[in-house]
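Following: one structure in structure tokens, then a few remarks.
For the numbers below, each heavy atom of this structure counts, side chains included, while hydrogens, waters and symmetry mates do not. What you are looking at is a predicted structure, and each value in this text was computed from that prediction instead of being measured.
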Amino acid sequence: MTVRVGVIGAGWIGKEHIRRLTEAVTGARVTAVTDIDVARAEEAAVPVGARVLPDGASLIAAEDVDAVLVTSWGPTHAEHVLNALAAGKPVFCEKPLATTAEDCLKIVEAETALGRRLVQVGFMRRYDTGYRQMKQVIDSGRIGEPLIVHCAHRNPSVPESYTSGMAALDTAVHEVDVLRWLLDDEIVSTQVVTPRSTSKRFAHLKDPQIMLFETAKGVRVDLEVFVNCQYGYDIQCETVGEEGLVRLPDPAAVGVRTAGQNRTEVLTDWVGRFADAFDTEFREWIAGVAAGAESTGPSAWDGYAATVITSATVEALGSGRVVATDLKPRPALYGGLA
């Protein structure tokens with residue numbers, strides 16, 4: 001079957017996903033688009049033959065919408081996801097699932113009451129080839145039990161509107177999710193250490209930051225978030241086990257030898273780094289919807305956990321203390337983290 005998708009939010013990421021569903025994914029067709037800016041909705045809808053609807057509620061209720069994609073402003077996510085659940089329609093929500101833990105729990109409770117997973121959250125790193133290979137190695141036991149994970153998330157620069165708290169809420173949130181998935185373990189505490197700040201930043205920003213996480217099984221994680229590193233977009237991850245280690249590969253790039261130097265280019269943004277992961281994420285989501293299967297991707301519970309952990313990390317940044325995450329008990333619907 002062709003899955004008819006309605007898109008709520010026609011900003012940059014919404015338009016990019018509309019392009020992806022139209023050009024890179026088989027078995028999907030965008031049939032409806034809505035945005036608070038009608039002109040922007042029309043700009044996204046007309047090229048793909050979709051109609052423009054006045055709001056999220058009417059789009060979700062539309063008969064020619066089988067599944068819903070939410071790419072609107074973060075504080076609106078909970079409303080749209082809850083409406084999709086009430087309509088019994090699969091919904092893919094870009095992160096965050098919701099901006100507060102309370103709203104995330106409302107979604108978890110609504111989905112639990114249905115007894116069926118319909119929500120997927122847009123944590124695309126689980127679909128990256130390198131991360132998937134890392135998980136296979138960890139799950140196989142080849143490196144023994146994981147003990148330590150070293151991570152880095154570096155951006156060349158960020159705009160003046162970027163705040164110190166966004167280092168956790170917008171940047172480290174991807175590591176928070178992928179680490180829980182890689183380790184099949186829960187993060188129980190968080191701490192932030194702030195070394196000397198780079199001069200290549202706006203004065204209000206604490207950058208870099210070192211985030212320290214502890215999991216329920218005792219694994220220790222250190223994550224460097226450096227969003228004004230200048231040299232490129234650089235994602236690193238290394239898991240140290242009892243009998244070996246596994247490291248995330250750098251993106252493939254040719255080596256150029258010239259003028260007495262051997263150079264390999266470094267990517268400069270996340271779009272190029274995770275383009276294939278985004279495509280795979282949507283291919284698998286659409287295939288699952290077409291088959292009538294429950295969602296197997298990042299769940300509403302994963303969205304809740306990410307919001308709680310990153311909010312605790314912001315608190316840790318402000319207080320300088322170790323902060324417990326205090327997650328609620330996980331409903332049986334969501335099984336294990338893997």
Side-chain angles (χ1 to χ4, degrees), residues 5-9 11 13-14 16-17 20-21 25 56 60 67-85 89-112 114 116-128 131-132 135 168-184 186-187 270 274 277-289 293-311 313 325 327-328 330-331 333-338:
V5 181
V7 181
I8 302 175
I13 192 66
E16 180 66 11
H17 287 338
R20 181 167 284 111
L21 288 167
V25 177
I60 291 166
V68 179
L69 170 60
V70 178
T71 55
S72 54
W73 186 43
T76 68
H77 286 188
E79 173 190 353
H80 299 316
V81 173
L82 286 168
N83 284 342
L85 286 173
K89 294 186 177 182
V91 53
F92 184 108
C93 181
E94 270 300 347
K95 64 90 178 170
L97 175 64
T99 53
T100 68
E102 291 75 18
D103 279 346
C104 288
L105 279 177
K106 289 177 183 177
I107 293 169
V108 166
E109 290 165 359
E111 190 174 43
T112 302
L114 284 176
R116 186 167 183 265
R117 284 183 50 185
L118 293 177
V119 178
Q120 179 163 328
V121 184
F123 290 122
M124 77 293 185
R125 290 200 189 179
R126 299 190 187 196
Y127 299 87
D128 175 73
Y131 276 113
R132 285 187 160 186
K135 182 161 180 61
L169 299 173
D170 283 21
T171 302
V173 64
H174 288 289
E175 272 80 15
V176 165
D177 178 74
V178 84
L179 286 166
R180 296 174 58 252
W181 173 73
L182 278 175
L183 300 172
D184 192 18
E186 195 56 85
I187 294 172
W270 58 270
F274 289 110
F278 276 116
D279 289 349
T280 301
E281 173 185 48
F282 275 93
R283 288 188 186 112
E284 293 189 12
W285 178 60
I286 289 296
V289 173
E294 289 193 39
S295 173
T296 58
S299 67
W301 180 261
D302 295 318
Y304 160 72
T307 295
V308 171
I309 295 164
T310 54
S311 296
T313 304
T325 56
L327 292 169
K328 302 292 185 183
R330 184 170 61 235
L333 178 66
Y334 302 104
L337 293 172

Please report the interatomic distance [atom1]([X]) to [atom2]([Y]), rounded to the nearest 0.5 Å.
X: Glu175; Y: Ile187; atom1: CD; atom2: CD1; value: 10.0 Å
X: Phe92; Y: Leu21; atom1: CZ; atom2: CG; value: 9.0 Å
X: Leu169; Y: Ile309; atom1: CG; atom2: CD1; value: 12.5 Å
X: Tyr334; Y: Thr112; atom1: OH; atom2: OG1; value: 4.0 Å
X: Arg132; Y: Trp181; atom1: CZ; atom2: CH2; value: 6.0 Å
X: Asp128; Y: His174; atom1: CG; atom2: NE2; value: 12.0 Å

Worked check of side chain to side chain contact (heavy atoms under 4.5 Å, CB included) between Ile107 and Leu82: CA-CA 6 Å; Ile107 293 169; Leu82 286 168; 3.9 Å; yes
How close do [X] and [Y] get, heavy atom to heavy atom, and via which atoms?
X: Ala101; Y: Tyr304; result: O-CD1, 3.9 Å
X: Leu333; Y: Arg116; result: CD1-N, 4.0 Å
X: Pro331; Y: Val108; result: CG-CG1, 3.9 Å
X: Val176; Y: Ala306; result: CG1-CA, 4.2 Å
X: Ser72; Y: His80; result: OG-CD2, 3.5 Å
X: Thr310; Y: Ala168; result: CG2-O, 3.3 Å

Can you check whether [Y]'s main-chain N or O pairs, donor with acceptor, with [X]'s side chain at less than 3.5 Å?
X: Thr307; Y: Leu97; result: no
X: Tyr127; Y: Glu284; result: no
X: Ser299; Y: Val121; result: no
X: Lys89; Y: Val68; result: no
X: Gln120; Y: Trp285; result: no

Heavy-atom side-chain contact between Ile60 and Ile8 under 4.5 Å: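 Answer yes - side chains close enough.
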Beyond-backbone contact of Thr99 with His77, side-chain heavy atoms, under 4.5 angstrom: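 With C-beta onward as the side chain, the pair stays apart.
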With Trp73 via side chain to side chain contact (heavy atoms under 4.5 Å, CB included) - residues at least two apart: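 Side chain to side chain contact (heavy atoms under 4.5 Å, CB included) check on Trp73 returns Pro75, Thr76.
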Residues Glu281, Arg126: salt bridge by 4.0 Å N-O rule: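 No, Glu281 and Arg126 are not salt-bridged.
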Worked verdict on Ile286 versus Val5 for side chain to side chain contact (heavy atoms under 4.5 Å, CB included): CA-CA 9 Å; Ile286 289 296; Val5 181; 4.0 Å; yes
Side chain to side chain contact (heavy atoms under 4.5 Å, CB included) between His17 and Val7, worked out: CA-CA 9 Å; His17 287 338; Val7 181; over 6 Å; no
Asp177 and Arg125: CA distance, side-chain angles, deciding distance, salt bridge (charged side-chain N to carboxylate O under 4.0 Å, His left out) verdict: CA-CA 8 Å; Asp177 178 74; Arg125 290 200 189 179; over 6 Å; no
Pairs touching residues 94-104 that satisfy salt bridge (Lys or Arg N to Asp or Glu O under 4.0 Å), sequence neighbours left out: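 Output for this query lists Asp103-Lys106.
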